Number of protein chains: 2
Amino acid sequence: MSKPGQHVISRLRQMILSGELESGQRLAEIPTAEQLGVSRTPVRIAFRTLEQEGLLTKLSGRGYRVRRVTQAEISGSIEVRGVLEGLAARQAAENTLSKAQTNELRELLKQGDDLFAKGNINEQDLAIYHDMNQRFHQIIIEASLNPAIAEALSRNEHLPFASVSALAFDRNNLTQEYRRFNFAHMHHHAVFDAIHNGQGSRAEAIMREHANATLGYAKTFSQKEENGEKVHVIQSK
Amino acid sequence: MSKPGQHVISRLRQMILSGELESGQRLAEIPTAEQLGVSRTPVRIAFRTLEQEGLLTKLSGRGYRVRRVTQAEISGSIEVRGVLEGLAARQAAENTLSKAQTNELRELLKQGDDLFAKGNINEQDLAIYHDMNQRFHQIIIEASLNPAIAEALSRNEHLPFASVSALAFDRNNLTQEYRRFNFAHMHHHAVFDAIHNGQGSRAEAIMREHANATLGYAKTFSQKEENGEKVHVIQSK
DNA sequence: AATATAAATATTGGATCCAATTTATGCATA
DNA sequence: TATGCATAAATTGGATCCAATATTTATATT
């Protein structure tokens with residue numbers, strides 16, 4: 001699929017994730033096609049694709065609606081992520097990490113350490129942390145040699161806390177955020193240690209708690225948003 | 001989506017799952033549209049939908065191919081199912097089963113018991129077991145009150161052993177199959193007991209092993225198929 | 001026989017049109 | 001004012017056509 005088809009999918013996805021298309025908002029083929037300056041055909045395809053990605057919900061006879069995500073859904077997705085990444089860590093420990101993977105994980109851990117060594121953290125640091133965090137998790141999933149894990153995780157792809165591709169933080173309290181992400185990074189050290197030493201159960205337990213540790217923050221941030229406070233989300237493309 | 005659009009998706013899905021469209025086979029829009037007696041439009045939509053379901057793989061410039069499923073993929077998927085259904089059982093234990101759910105699970109357990117009380121099992125029994133099994137698992141997932149679990153499980157929907165919607169058995173050795181499914185059904189009893197008594201960790205461990213217990217059978221059956229022996233699969237629609 | 005090039009064929013993506021269905025609006029009546 | 005009916009508008013699903021691209025086949029050359 002070449003332009004503008006893939007372009008329409010990406011564009012709409014971006015508009016949903018950025019909040020430009022608000023949750024609950026209705027989308028129909030003809031107005032959307034006009035807005036994006038294409039015919040209905042790629043829009044039709046895009047709608048169905050994004051529906052299958054879980055970003056849109058089909059209405060009967062009236063287009064689609066941007067899916068509202070409830071707090072309970074986010075919590076449930078965090079738990080699912082916990083067991084899936086826990087399984088990935090276990091399987092990574094049961095396999096042998098390649099030399100390249102080991103080296104890259106070590107490098108990523110060092111990157112994180114350098115960020116926290118300063119004693120404080122700013123938004124730029126968090127963007128760096130975000131990339132490091134994402135890559136760290138990715139390598140572990142790759143090291144599991146189990147494609148079904150990535151598949152199963154794909155439905156969480158765009159939810160803060162439930163996915164490493166979306167990192168939420170409170171810009172107004174960077175001290176707390178420093179402590180939170182430092183704690184998460186210590187988990188990274190621990191899980192690497194467990195994997196490296198072939199300790200499958202330990203790796204799984206750490207990784208699972210690594211995800212579950214975000215449950216409380218997810219609730220807190222959800223309440224902040226309900227109170228009209230702005231929570232910043234760094235989103236991977 | 002009304003006919004023939006939904007019809008095309010279902011029809012193609014059925015043709016893939018039944019083996020009528022063999023794994024590795026190439027599909028293109030125009031011949032498929034002719035074969036099904038529709039225009040290309042619903043076929044195009046169907047292809048993309050089934051691609052997202054994981055049943056087709058897109059080729060560049062030459063249509064789609066029915067995806068081959070490797071033994072490693074099945075094994076990996078069984079493990080994923082284990083952790084997801086384990087989580088579901090844990091969360092069901094942490095919630096309180098409704099009276100209706102409790103009664104229905106009891107009824108399903110009794111149905112299974114009646115099947116095995118005969119001391120042997122035939123294909124008709126297995127079809128009944130299949131329905132009972134599927135519903136049993138479904139109720140537990142519902143009782144978890146976590147929609148993300150069903151979402152994450154959806155990618156396994158069509159793989160024998162990795163999903164309760166596809167049940168594989170060896171018609172030529174029904175004694176062994178009797179023992180195997182009886183064992184599985186004892187797991188059902190145990191996990192119900194754990195859930196009913198609010199024992200989350202126990203429920204999770206049982207359910208996880210319930211899935212993992214199929215790993216060996218998946219390998220055995222895969223080898224039988226490679227040897228040209230026919231394995232029968234009961235598939236839900 | 002092997003290689004390169006040109007022509008033919010297959011295929012996809014997008015645009016446009018038509019028909020069917022659903023929803024919204026306007027008007028008439030009680 | 002509320003309700004029902006008719007009409008208009010909105011919307012989707014499918015069919016068809018066109019253009020671009022990729023692949024295959026045929027032909028020419030070495």
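All heavy atoms count here, side chains included; hydrogens, waters and symmetry mates do not. Remember, predicted model here, so these are calculated numbers, not experimental data. Throughout, a chain's letter reflects where its sequence line sits, starting with A, and its residues are numbered from 1.
- If you check residues 20-34 of chain B against DNA chain C, the residues with a heavy atom closer than 4.0 Å are R26(B), A28(B), E29(B), I30(B), P31(B), listed by number.
- In this structure, L167(A) and F169(A) have side chains that are in contact, with non-hydrogen atoms separated by less than 4.5 Å.
- Salt bridge present: R171(A) and E123(A) bring a charged side-chain N and a carboxylate O closer than 4.0 Å.
- Residue T41(B) has its side chain nearest to dT16(D) when only dT12(D), dT16(D), dA15(C) are considered.
- Annotation: salt bridge (charged side-chain N to carboxylate O under 4.0 Å, His left out) contacts involving residues 98-107 of chain A, sequence neighbours excluded, comprise E104(A)-R135(A).
- Each ring pair (Phe, Tyr, Trp, His ring centres under 6.0 Å) pair with one or both residues in residues 68-91 of chain A, not counting sequence neighbours, would appear here, but there are none.
- Closest to the P42(B) side chain, of the nucleotides dA15(D), dG13(C), dG14(C), is dA15(D).
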Kindly give the atom pairs (protein nitrogen or oxygen, nucleotide nitrogen or oxygen) under 3.5 Å for nucleotides 20-24 of chain D.
| residue | atom | partner | partner atom | Å |
| --- | --- | --- | --- | --- |
| dT23(D) | O3' | R62(B) | NE | 3.4 |

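- Residue R44(B) places no side-chain atom within donor-acceptor reach of the base of dG14(D), judged by atom type and a 3.5 Å distance cut-off alone.
- Nucleotide dG14(D) holds its C1' atom 16 Å from the CZ atom of F47(B), rounded to whole Å.
- Side-chain N/O atoms of K58(A) include one lying less than 4.0 angstrom from OP1 or OP2 on dG13(D).
- The interatomic distance linking Q6(B) (CD) with dT21(C) (C1') rounds to 17 Å, in whole Å.
- For residues 28-38 of chain B, every residue pair satisfying the side-chain hydrogen bond (donor to acceptor under 3.5 Å, both in side chains) rule, not counting sequence neighbours, is listed here: E29(B)-R40(B).
- Proximity note for R40(B) (side chain, C-beta onward) versus dC17(D), dG13(D), dT16(C): the nearest is dC17(D).
- Among pairs with a residue in residues 69-80 of chain A, those fulfilling salt bridge (charged side-chain N to carboxylate O under 4.0 Å, His left out) read R67(A)-E73(A), at least two apart in sequence or across chains.
- Sequence neighbours left out, the pairs with a member in residues 9-53 of chain B that pass ring pair (Phe, Tyr, Trp, His ring centres under 6.0 Å) are F47(B)-Y64(B).
- Identified under the salt bridge (charged side-chain N to carboxylate O under 4.0 Å, His left out) test for residues 7-25 of chain B, with sequence neighbours left out: R13(B)-E53(B).
- Take Y129(B) and apply the ring pair (Phe, Tyr, Trp, His ring centres under 6.0 Å) test, not counting sequence neighbours, and it matches F116(B), F181(B).
- In this structure, L59(A) places its CG atom 12 Å from C1' of dT23(C), rounding to the nearest Å.
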